[in-house]
Amino acid sequence: MVETVITIRSARSGDEIGIASVHDSAWREAYRGVIPGRELERMIARRGPSWWRMAIQRRTPLLVLEFDDAVVGYVSYGRNRVPALGFAGEIFELYLAPECQGCGFGRRMFEAARKDLAAHGYGGFVVWALGDNERAIAFYKRLGGRVVRRAHETFGGQERERIAFGFG
């Protein structure tokens, strides 16, 4: 019998390469054709291992999902950056390596972040997704998110819609 262990835990020193790899592949999968190519590459390049190492050292709320001893997903969260939305907390990013999407891992990371946010007094929270990211939009709707705000952001001179989903 083969046993594979799935673990969700706080990011620690040494995880930065795995997180950067997930960020790179997940962003290419999610945003190719949505964010202009040059701008997408710049955004990915800014989030290399040294960026994630600093986030871990600063104790940014950051969980990783390990599958078979490899980091294949991460979720970052904390206090809402737009308090006018009426939600105390926010999930900033939730990404999985493309080969691990559709396996229920995203839901597990989401629930782990929700639990930690609630433990820190953030019962309600918001998550933003680009409107062209159909997979993310469907994911947050399935989890019970309701659209609470629409905004626009410019990437490489092209405007894209962002949608905020509220929870709790």
Side-chain angles (χ1 to χ4, degrees), residues 1-35 40 43-44 47 49 51-52 55-56 59-81 85 87-149 160-168:
M1 173 158 94
V2 175
E3 185 175 304
T4 303
V5 177
I6 300 166
T7 306
I8 297 176
R9 59 168 175 77
S10 293
R12 59 183 178 230
S13 181
D15 288 335
E16 59 271 6
I17 293 171
I19 298 169
S21 176
V22 169
H23 178 267
D24 184 306
S25 62
W27 276 51
R28 287 180 203 287
E29 173 83 13
Y31 303 123
R32 185 176 287 128
V34 174
I35 296 175
L40 178 59
M43 293 172 78
I44 290 170
R47 294 286 197 89
W51 194 94
W52 292 106
I56 293 166
R59 299 188 185 278
T60 300
L62 180 62
L63 300 175
V64 296
L65 186 137
E66 276 186 329
F67 177 75
D68 203 22
D69 293 326
V71 172
V72 298
Y74 71 91
V75 57
S76 66
Y77 52 95
R79 184 176 10 169
N80 184 357
R81 297 171 289 186
L85 289 175
F87 294 88
E90 181 175 354
I91 291 180
F92 306 126
E93 295 185 32
L94 189 157
Y95 290 101
L96 277 167
E99 64 273 15
C100 295
Q101 295 174 8
C103 300
F105 295 160
R107 177 181 293 270
R108 291 171 77 165
M109 287 192 309
F110 179 88
E111 292 302 332
R114 178 196 299 253
K115 183 177 177 183
D116 197 37
L117 282 164
H120 287 89
Y122 301 126
F125 60 94
V126 68
V127 181
W128 289 89
L130 283 180
D132 291 334
N133 187 343
E134 294 173 9
R135 178 178 267 169
I137 300 297
F139 176 72
Y140 293 122
K141 283 182 178 178
R142 277 194 311 275
L143 292 172
R146 61 181 170 78
V147 175
V148 295
R149 173 83 52 94
R160 297 289 183 258
E161 182 181 44
R162 292 182 338 138
I163 301 171
F165 291 90
F167 294 86

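Scope of the values below: all heavy atoms of this structure, side chains included, with no hydrogens, waters or symmetry mates.
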Look at R114 together with E111 and state whether they make a salt bridge at an N to O cut-off of under 4.0 Å. yes
I'd like to know if E90 pairs up with R79 as an ion pair, taking the criterion as any Lys NZ or Arg NE/NH1/NH2 lying under 4.0 Å from an Asp or Glu carboxylate oxygen. no
Checking V64 against I19 for the side chain to side chain contact (heavy atoms under 4.5 Å, CB included) test, could you report, in this order, the C-alpha distance in whole Å, the side-chain angles of both residues, the deciding distance, and whether it holds? CA-CA 8 Å; V64 296; I19 298 169; 3.7 Å; yes
If I compare all heavy atoms of [X] with all of [Y], which pair ends up nearest, and what's the gap?
X	Y	answer
V72	V22	C-CG2, 3.5 Å
R107	L143	NH1-CD2, 3.3 Å
I8	A112	CG2-CB, 3.9 Å
A26	P98	N-CD, 4.1 Å
V71	G18	CG1-C, 4.0 Å
G78	L117	O-CD2, 3.7 Å

Evaluate W128 against I91 for side chain to side chain contact (heavy atoms under 4.5 Å, CB included), listing each step before the verdict. CA-CA 8 Å; W128 289 89; I91 291 180; over 6 Å; no
Just how far is it from atom [atom1] of [X] to atom [atom2] of [Y], taken to the nearest 0.5 Å?
X	Y	atom1	atom2	answer
D132	E161	CG	CD	8.0 Å
R28	I44	CZ	CD1	4.0 Å
S10	D116	OG	CG	7.0 Å
Q101	E99	CD	CD	8.5 Å

Student check: side-chain heavy atoms of [X] and [Y] closer than 4.5 Å:
X	Y	result
E29	R135	yes
L96	M109	yes
K141	F165	yes
F167	V126	no
I35	M43	yes
V127	L94	no
W52	Y74	yes
L65	T7	no

Answer yes or no: are there more than 12 heavy-atom neighbours, outside D68 itself, under 6.0 Å from its atom CG? yes
Check whether more than 12 heavy atoms from other residues, nucleotides or ligands sit under 6.0 Å from atom CD of E134, and answer yes or no. no
Would you find a donor on one side and an acceptor on the other, under 3.5 Å apart, between the side chain of [X] and the backbone of [Y]?
X	Y	answer
N80	F87	yes
S25	S21	yes
E16	W51	no
N133	L130	no

Determine, step by step, whether L63 and R9 satisfy the side chain to side chain contact (heavy atoms under 4.5 Å, CB included) criterion, reporting the C-alpha distance in whole Å, the side-chain angles of both residues, the deciding distance to 0.1 Å, and the verdict. CA-CA 5 Å; L63 300 175; R9 59 168 175 77; over 6 Å; no
Any idea how Y140 and F110 line up, ring-wise: parallel (<30°), tilted (30 to 60°), or perpendicular (>60°)? tilted
Would you check if the distance from the ring center of Y77 to the ring center of F125 is below 6.0 Å? no
H23 and E93: CA distance, side-chain angles, deciding distance, side chain to side chain contact (heavy atoms under 4.5 Å, CB included) verdict: CA-CA 10 Å; H23 178 267; E93 295 185 32; 3.9 Å; yes
